[in-house]
Amino acid sequence: MTHSKRGHTGLAVLLLVWGIAILAGTFYLMDYSGTPGTRGDAVEQWPTETTLERGPNEISIVMFVHPQCPCTHSTLETLNRILAHTVADDVGLYFVFRIPPGRNVVWARSSLWQKARALPNAKIYFDMDGTETERFGARTSGYIVAYDQSGHLRFCGGITPARNHEGSSIGGDALAEVISGKCHGETMMSAVFGCPLFGPDEVCHESAQCDK
Amino acid sequence: MNQLNATSKSITSQTSMDNNLHASELLMARADEIFRAQRQRRSARTDRMFALLMACQWVMGVLAAIWISPRTWTGGTSEIHVHLIAAIALGGALSAMPIFLALRYPGSVLTRHMIAVAQMLTSALLIHLTGGRIETHFHVFGSLAFLAVYRDWRVLMTATAVIAVDHLIRGMFWPESVYGVLTATPWRTLEHAAWVIFEDIVLIHSILNSVKEMKQASFHTAQLEETNERIETKAAARAKELESAQMQLLHSEKLAAVGGLAAGIAHEINTPTQFVGDNVRACRDMFGDLERMIGAYQSSLANLRSVGTTIPDDEQLTSLEAEVDLDYIFEDAPQAFEQTLEGVDRIRSIVSAMKNFSHGGSADQKTTLNINEAITNTLTVARNEIKYVADVRLELGEIPDFEGYLSELNQVFLNLFVNAAHAISDANPERGAIFVQTGFANEEIEISVTDTGCGIPEDVQSRIFEPFFTTKEVGRGSGQGLAIAYQIVTERHGGSITFETAAGRGTTFVIKLPSRPASENVLVAAEANSA
């Protein structure tokens, strides 16, 4: 085999290995983006024991946020877009920033917090011990629950099509329907993409319906 | 003859056409060579540009990942975000291969197509990482515009194919990754592809125009090179001609100086030769008288002896007579006188020939001359070169007087005779022969000089009239003789000089001189051209 032929073979092998590596990396990335977090089980009726002050006769939207989760930015952007494009009379918007043990409110006042408080009529709660988060069955950042005027659960899940992906999705469309009052049937659910709100060593509150 | 001329013209015309065709092919080939070299340089330069661009893209991607999503969180703990790892590893892998190819194989076809593939995959990765943001799709359009710098439409095709396949597959299986939605119809992919194709059409049109301009520029460069080369060749030829003219001038001046010197010497020799001849002739006559007188004395002495007259010192006279050998003197002395006079006459004729040769009229003005006399005089001058190697046979016909430059024609004849002598000495260990013939026919004086020398080799026959061309050893020939002869015969006298040669058997040079004046010939030629 000549030097040139050896060179060509080596280059072909190199290109093949490169192509396989690129494909493998791409598939891994796709898999990561498309793998949803744990959704948890939401409560069917607005919990009376919650500290979230719900207004009368309103559609309540509660979003649970990990203060540092980068994927939740896309959820906030998507929610912002849905709210902007949906005609609604009375919508209560609640953000529950779940603060893990050992962290404080200062740590929780992240860019996500700034983005959330910029939304009109948003009420922000810092959930220091995770009680509220557990109460609503939230497990993943970006998880949203929507209750109708009678306090009945209409939607639970995420509103992005994939991890860190903005754009239209089943969850987003469902939430828009709930907000615009078009949804009167069964509770709609969707996959949620984001960071886990609880660490592996944290124990769920007994009152919450944890999905382990 | 006319048919021969027509055939010759036809061949010349065909040869000229062939030459033009060949020159045109050479020009096109050179233009193509320049174009390819230019495109190769451009491709290599663009490869390096992309190597830099891809490295920058990679660094920017990593920085963006660090800025946007450095860590992912699980409750209170965090770890490096997959996007950052992807930016470093996947982005690095995507950039590394084209950078390697651009540095290792700059300008190769494989490199630019791999760069196109990698650039489009980078676009795909960016689109994915931004969740199919429509703004990120502009990276595709920007990349296509950058790839157009290669001025190779095939590269755009490769890039388009990669991005189309990427959109098609991801649109089918992960539409959220490319369009930011969970469901997408194939029309969405077609819509994206259509925009890319639209840009491709514009870019390909621009590339084809650009390539056309590059080809035109290459052709003009090739033309310019050819013109420069032609000018340089012409300038070199002119320089050579100038050098030749200078050499000829120097030669002429040297000849003129030698001629003047020879004429002076001839004059100086002529005068003593004259009185030596006259005195020898007088001595011969006086010796005749003396011989007669001595004869009379001897006769008287014999008469006196016969009658017994005592002659005083008779014995001494008889002894002296025997001693001086009067009979031998009377027999040999007249021959000595005759030989001396013959030698003096030869000196006179040589001196006269030298005078005629060296002072053969003005260099600027034609004179009426006799070619036969010029040949005879030149042969006399060249006798020393010829006499040891060849016998000369002259057959000089009846020819009219000729208007020409005598000294220049003498130079031509001298060159031919000396060349003939050299050719004979090179070829024959024994003596050869030089046959000189003159004649007049068809209004032309024809002079032929034939030698029995070595002949002219075929490979140098076309060059013998070139200035400074010689096959003789250094110091024996300057390479100017035949060139000067050609110039004198053709340009100065409107004649022609040709030769026939046979290897090992000899050469014949034939000079034809128009019998009418050269200026008249030029006029006739001008009239023929205008007709």
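Naming: A, B, ... by sequence-line order, numbering from 1 per chain.
Listed here is the closest heavy atom pair of W18(A) and P98(B): CZ2-CD, 4.4 Å.
Under the 30°/60° scheme for interplanar angles, the aromatic rings of H83(B) and Y32(A) are found to stand perpendicular.
Highest contact tally toward chain B, considering only P100(A), P70(A), P196(A), S74(A), is held by P196(A) [criterion: heavy-atom pairs under 4.5 Å].
Annotation for W107(A): atom CH2 counts as buried by contact number, over 12 foreign heavy atoms lying within 6.0 Å. Within 6.0 Å of CG in N209(B) there are more than 12 heavy atoms belonging to other residues, nucleotides or ligands. Remark: H205(B) NE2 is loosely packed, at most 12 non-hydrogen atoms of other residues, nucleotides or ligands lying under 6.0 Å away. No more than 12 heavy atoms of other residues, nucleotides or ligands sit less than 6.0 Å from atom CD of E53(A). Heavy atoms of other residues, nucleotides or ligands lying less than 6.0 angstrom from NZ of K123(A) number more than 12.
Heavy-atom distances place both the backbone and the side chain of L90(B) under 4.5 Å from chain A. Interface residue S33(A): only side-chain heavy atoms are found under 4.5 Å from chain B. Of the two parts of R104(B), neither the backbone nor the side chain holds a non-hydrogen atom closer than 4.5 Å to a non-hydrogen atom of chain A.
Annotation: side chain of L197(A) is not in contact with side chain of T74(B) (no heavy-atom distance under 4.5 Å). The shortest distance between side-chain heavy atoms of L14(A) and M97(B) falls below 4.5 Å. A 4.5 Å side-chain heavy-atom check between H73(A) and S69(B) finds every atom pair outside the cut-off.
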Applying side-chain contact (heavy atoms from CB on, under 4.5 Å) to Y105(B) and L11(A), what does each step give before you reach the verdict?
CA-CA 11 Å; Y105(B) 306 103; L11(A) 189 61; 4.0 Å; yes
Go through it in stages, so that I can follow the logic: the residues are L121(B) and T26(A), the test is side-chain contact (heavy atoms from CB on, under 4.5 Å), and I'd like the CA-CA distance, side-chain angles, deciding distance and then a yes or no. CA-CA 10 Å; L121(B) 290 178; T26(A) 305; over 6 Å; no
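The structure places CZ of R71(B) at 13.5 Å from SG of C69(A), a figure rounded to the nearest 0.5 Å.
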